[in-house]
2 protein chains.
Amino acid sequence: MKKNTKCPLRKSLRRILLYRGSLLRLQALGVNRFYSYTLGKETGVSAEQVRKDFSEYRIKGNQRGGYHVDQLISEMEHIFYKKGSQNIIVVGRGNIGSSLANYSNFIQRQINIVATFDIDPSKQRIRSEIPVYTMERLKEIIDRFAVRTAIVAVPEPAAQSVCDQLVEYGVGGIINFAPVILKVPDEVIINNINLSDEIESVIYCVSQACPEES
Amino acid sequence: MKKNTKCPLRKSLRRILLYRGSLLRLQALGVNRFYSYTLGKETGVSAEQVRKDFSEYRIKGNQRGGYHVDQLISEMEHIFYKKGSQNIIVVGRGNIGSSLANYSNFIQRQINIVATFDIDPSKQRIRSEIPVYTMERLKEIIDRFAVRTAIVAVPEPAAQSVCDQLVEYGVGGIINFAPVILKVPDEVIINNINLSDEIESVIYCVSQACPEES
DNA sequence: TAGTTATTGTTATATATTTCACAATATTTT
DNA sequence: AAAATATTGTGAAATATATAACAATAACTA
Ligand SMILES: NC(=O)c1ccc[n+]([C@@H]2O[C@H](COP(=O)([O-])OP(=O)(O)OC[C@H]3O[C@@H](n4cnc5c(N)ncnc54)[C@H](O)[C@@H]3O)[C@@H](O)[C@H]2O)c1
Ligand SMILES: NC(=O)c1ccc[n+]([C@@H]2O[C@H](COP(=O)([O-])OP(=O)(O)OC[C@H]3O[C@@H](n4cnc5c(N)ncnc54)[C@H](O)[C@@H]3O)[C@@H](O)[C@H]2O)c1
């Protein structure tokens with residue numbers, strides 16, 4: 001792999017996910033072979049980078065023959081090492097929480113939202129495929145579905161306390177939409193998604209005419 | 001600034017946005033002075049990194065005295081160089097598009113969603129603060145509000161064609177939620193937000209017990 | 001006021017990431 | 001079957017990013 005001290009992957013993992021997305025699309029289109037530059041063009045990554053990433057993950061192609069779509073996809077599944085789909089939960093069934101709960105394509109990615117939680121009784125009355133529970137049932141559901149990853153989609157003032165509960169009940173990874181940096185023990189993985197920052201960085205780059213990196 | 005060949009900022013710009021978020025919170029709490037390690041702790045960044053970033057953007061503090069919250073916030077506004085708030089639009093008034101349109105805190109960040117667009121007549125009947133228009137009015141609204149940045153929140157199959165229209169009508173930056181890498185001329189800034197990837201990378205790291213980078 | 005101390009600002013060092021360059025080689029062509 | 005060719009795989013070089021180290025100094029202390 002790499003000599004990376006902390007963790008054997010970073011940017012490269014993100015790109016593997018990116019490649020997988022493209023390959024799934026190519027697969028659906030019936031394409032069955034591709035080259036590093038094909039995928040590079042598709043994903044906006046240089047061909048060398050694609051090969052380097054594949055090399056890091058021990059993905060082999062054939063010289064002169066490129067790679068096989070089906071084979072690569074299954075190699076990638078193997079990298080992601082899924083024992084079936086992953087049960088996750090969403091805390092906060094507001095705008096973002098509901099968008100996620102309504103999104104039907106997660107299942108293709110083996111992401112399985114088993115429940116959502118909200119303190120607002122009116123939200124708890126929502127009838128949908130994915131249930132809305134009170135916060136009292138958080139521990140029960142986490143245990144029942146062996147949930148290791150959760151999404152935080154509550155307003156900023158509530159986010160840290162929700163996060164603390166999740167960690168207490170054994171969640172090891174959190175995707176956080178609240179615009180606050182959550183404090184967690186070192187071993188807990190946090191992915192902060194700050195949509196305002198995402199938008200603002202584009203606005204900034206547009207007004208400065210500078211290229212964003214992917 | 002830096003010797004970065006393409007653009008004078010990357011990770012550092014993202015962090016400046018992060019710092020700003022924290023400082024705005026500190027400001028609201030009535031805090032008026034902070035140190036590199038204070039902000040570092042708040043944002044999960046090392047104190048050295050904070051100072052390095054400030055240095056890159058020519059932000060000065062006082063030795064031994066730290067930095068002033070108010071002053072820093074206004075210096076940051078200056079970096080972002082906003083001539084008042086920025087008019088942006090959202091194409092696709094579905095789950096994500098509506099979440100964005102309903103979000104009341106963008107205004108604090110001087111992000112101003114002036115209109116949304118959808119092909120679905122039922123969406124066009126939505127009555128809300130932020131209007132929903134047919135795609136026919138796209139050019140008119142872009143021109144009227146001098147829109148330079150747009151958000152794409154349509155299903156994947158429609159995303160490229162929507163993107164092409166936006167570019168044709170003069171939009172220079174796009175935040176894209178569809179899980180596809182949009183093809184645009186070099187000068188157009190694209191920020192692809194792939195929520196499946198964001199979730200999946202956490203799931204992966206949790207199952208591998210490896211730390212994510214911020 | 002002089003000495004002490006905490007904190008900045010920056011230079012140097014270490015690490016990570018990307019790009020380059022090319023040898024190795026499977027496939028295609030003649 | 002031999003030669004030509006396109007493509008991979010990877011080590012070396014270039015670039016970017018992060019960490020460490022510390023001199024400079026403003027603020028504090030006595
Ligand atoms: N909607 C956007 O476009 C947008 C953009 C940027 C950031 N965000 C952030 O994402 C988060 C979610 O945004 P949203 O628009 O979905 O908000 P929302 O207000 O629509 O939904 C939040 C939900 O969380 C619930 N909630 C509040 N406190 C709770 C608690 N302690 N435990 C459980 N549930 C609780 C509320 O009842 C509500 O249903 C917020 O932190 C917001 O700042 C959203
Ligand atoms: N909702 C999520 O949690 C989630 C997660 C991951 C990715 N995404 C992606 O984000 C995008 C938006 O997701 P969503 O859940 O809001 O979808 P959605 O189906 O709720 O909304 C899409 C909207 O786009 C409109 N639309 C379709 N074609 C259009 C066109 N050509 N021009 C203008 N409008 C058009 C539809 O009428 C609909 O209102 C999709 O690409 C989706 O794959 C969403």
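Since this is a predicted model, take the numbers as computed values, not measurements. First the proteins, then the strands, lettered A, B, ... as listed; each starts at 1.
- Separating the CZ atom of F54(A) from the C1' atom of dT7(D) is a distance of 13 Å, rounded to the nearest angstrom.
- With sequence neighbours excluded, the residues forming a side chain to side chain donor-acceptor pair (under 3.5 Å) with K139(A) are D143(A), listed by chain and number.
- Rounding to whole angstrom units, OH of residue Y57(B) and P of dG9(C) are separated by 16 Å.
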Sequence neighbours excluded and cut-off under 3.5 Å, please list the side-chain donor-acceptor pairs for residues 31-38 of chain B, or say none.
unit_1 : atom_1 : unit_2 : atom_2 : d
S36(B) : OG     : R51(B) : NH1    : 3.1
T38(B) : OG1    : Y35(B) : N      : 3.0
T38(B) : OG1    : Y35(B) : O      : 3.3

Listed pairs, N/O of protein and of nucleotides 27-30 of chain C, under 3.5 Å:
unit_1  : atom_1 : unit_2 : atom_2 : d
dT27(C) : O2     : R64(A) : NH1    : 3.0

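- For Q63(B), there are no side chain to side chain donor-acceptor pair (under 3.5 Å) partners at least two apart in sequence or on another chain.
- Listed pair K60(A) / dT10(D) meets the phosphate criterion, a side-chain N or O lying under 4.0 Å from OP1 or OP2.
- Straight-line distance from the CZ atom of R58(B) to the P atom of dT10(C): 8 Å, rounded to whole Å.
- Using a 4.0 Å cut-off, some side-chain N or O of S55(B) falls inside it from OP1 or OP2 of dT10(C).
- Put simply, OH on Y67(B) is 13 Å from C1' on dA6(C), counting in whole angstrom units.
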Show each protein N/O and nucleotides 11-14 of chain C N/O combination with a separation under 3.5 Å, one pair to a line.
none

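- Considering only side-chain N and O atoms, S46(B) lies under 4.0 angstrom from the phosphate OP1 or OP2 of dT19(D).
- For the pair D197(B) and R20(A), the minimum side-chain heavy-atom distance is 4.5 Å or more.
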Going by atom type alone, with no hydrogens or angles, which donor-acceptor pairs under 3.5 Å involve a side-chain atom of residues 147-157 of chain B and a protein atom two or more places apart or on another chain?
none

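- Taking atom NE2 on H68(A) and atom C1' on dT8(D), their separation rounds to 13 Å, with Å as the unit.
- The distance from atom CD of Q49(A) to atom P of dT7(D) is 19 Å, rounded to the nearest whole Å.
- Judged as a side chain to side chain donor-acceptor pair (under 3.5 Å), and not counting sequence neighbours, the contacts of S46(A) are E48(A).
- Atom-to-atom, CD of E48(B) to C1' of dT7(C) comes out at 12 Å; the value is rounded to the nearest Å.
- Sorted by first and then second residue, the salt bridge (charged side-chain N to carboxylate O under 4.0 Å, His left out) pairs involving residues 163-183 of chain B (not counting sequence neighbours) form an empty list.
- Following rounding to the nearest Å, Y37(A) (OH) and dG9(D) (P) show an atom-to-atom distance of 14 Å.
- Of the two residues near DNA chain C, R51(A) and Y35(B), the one whose nearest nucleotide lies more 5' is Y35(B).
- Under the 4.0 Å criterion applied to side-chain N and carboxylate O atoms, E198(A) and R14(B) are assigned as salt-bridge partners.
- Residues forming a side chain to side chain donor-acceptor pair (under 3.5 Å) with Y67(A) (at least two apart in sequence, or on another chain): none.
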